[in-house]
Amino acid sequence: QVQLVESGGGLVQPGGSLRLSCAASGISFRLYIMGWYRQAPGKQRELVTTITNGNNTNYADSVKGRFSISRDNAKNTVDLQMNSLKPEDTAVYYCNAVHVGFRSLTYWGQGTQVTVSS
């Protein structure tokens, strides 16, 4: 059974930092592109960042220079370090896994709430 379990969300003031973590099980982790998406109230889910097994990364323009993704293939985890947080970063953040060869093999975590507010 595939599971992606996120942790680390919460309430933070503008300008603050949070670190999200996603633990994957039930998949061959190295064969998956890992990513983070987010969905704000009333908006569509959007890509935040992705990372390949070779540590090639991709970021949405809105988070470049503030967010950083990393993965640990030994622990089957992917982390998202979020700095200089803004109120517009408020959303539910979802961990995502996509198989490199079979894009139909796509999995999602349950999501973790991030709220940026004073």
Side-chain angles (χ1 to χ4, degrees):
Q1 182 181 359
V2 178
Q3 282 192 310
L4 302 178
V5 180
E6 301 102 333
S7 60
L11 173 65
V12 63
Q13 292 187 341
S17 298
L18 276 178
R19 189 175 184 88
L20 305 183
S21 186
C22 172
S25 60
I27 60 173
S28 297
F29 191 74
R30 294 175 183 269
L31 297 181
Y32 284 78
I33 299 170
M34 300 301 298
W36 289 92
Y37 286 70
R38 67 186 181 186
Q39 187 167 18
K43 294 187 177 181
Q44 291 188 332
R45 190 173 298 188
E46 64 176 3
L47 170 70
V48 176
T49 179
T50 60
I51 185 168
T52 69
N53 182 51
N55 288 323
N56 292 314
T57 58
N58 177 52
Y59 294 93
D61 288 343
S62 59
V63 307
K64 282 181 181 176
R66 301 188 298 121
F67 290 13
S68 178
I69 189 171
S70 60
R71 65 189 289 163
D72 187 331
N73 288 337
K75 296 181 179 179
N76 289 3
T77 58
V78 57
D79 290 350
L80 179 64
Q81 178 66 42
M82 304 184 293
N83 299 326
S84 303
L85 282 161
K86 304 175 181 180
E88 51 263 43
D89 294 318
T90 295
V92 178
Y93 284 70
Y94 296 91
C95 181
N96 170 264
V98 179
H99 194 283
V100 296
F102 302 95
R103 297 303 174 103
S104 60
L105 292 178
T106 298
Y107 303 100
W108 294 93
Q110 82 286 354
T112 185
Q113 177 70 47
V114 171
T115 302
V116 185
S117 175
S118 54

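Computed over heavy atoms, backbone and side chain alike; hydrogens, waters and symmetry mates excluded.
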Going by the angle between their ring planes, with limits at 30° and 60°, are Y107 and Y32 parallel, tilted or perpendicular?
tilted
Taking E6 for its side chain and Q110 for its backbone only, find out whether a donor-acceptor pair lies under 3.5 Å.
yes
So, the side chain of R71 versus the backbone of F29: is there a donor-acceptor pair under 3.5 Å, distance only?
yes
Taking atom CD of Q44 as the centre, report whether more than 12 heavy atoms of other residues, nucleotides or ligands fall under 6.0 Å from it.
no
Same cluster or not: V12 versus F67, using hydrophobic residues (I, L, V, M, F, W, Y) connected whenever any side-chain heavy atoms lie under 4.5 Å apart?
yes
Show your reasoning for whether side-chain contact (heavy atoms from CB on, under 4.5 Å) applies to N73 and N53.
CA-CA 8 Å; N73 288 337; N53 182 51; 2.7 Å; yes
Let me check something: do I33 and L31 share a hydrophobic cluster, defined by ILVMFWY side-chain heavy atoms less than 4.5 Å apart, either directly or through other members?
no
Of all heavy-atom pairs between V78 and W36, which one has the smallest distance, and what is that distance?
O-CZ2, 3.6 Å
Judged by atom type as modelled, is there a donor-acceptor pair below 3.5 Å linking the side chain of T57 to the main-chain atoms of I51?
no
I69 backbone acceptor or donor facing Y59 side chain under 3.5 Å
yes
Same cluster for M82 and Y94 if Ile/Leu/Val/Met/Phe/Trp/Tyr side chains link at under 4.5 Å?
no
What closest approach, in Å, do N83 and S17 show between heavy atoms, and which atom pair accounts for it?
OD1-OG, 2.9 Å
Does any part of the side chain of R38, heavy atoms only, come nearer than 4.5 Å to the side chain of T90, both counted from C-beta?
no
SB check D61 K64 (cutoff 4.0 Å)
yes
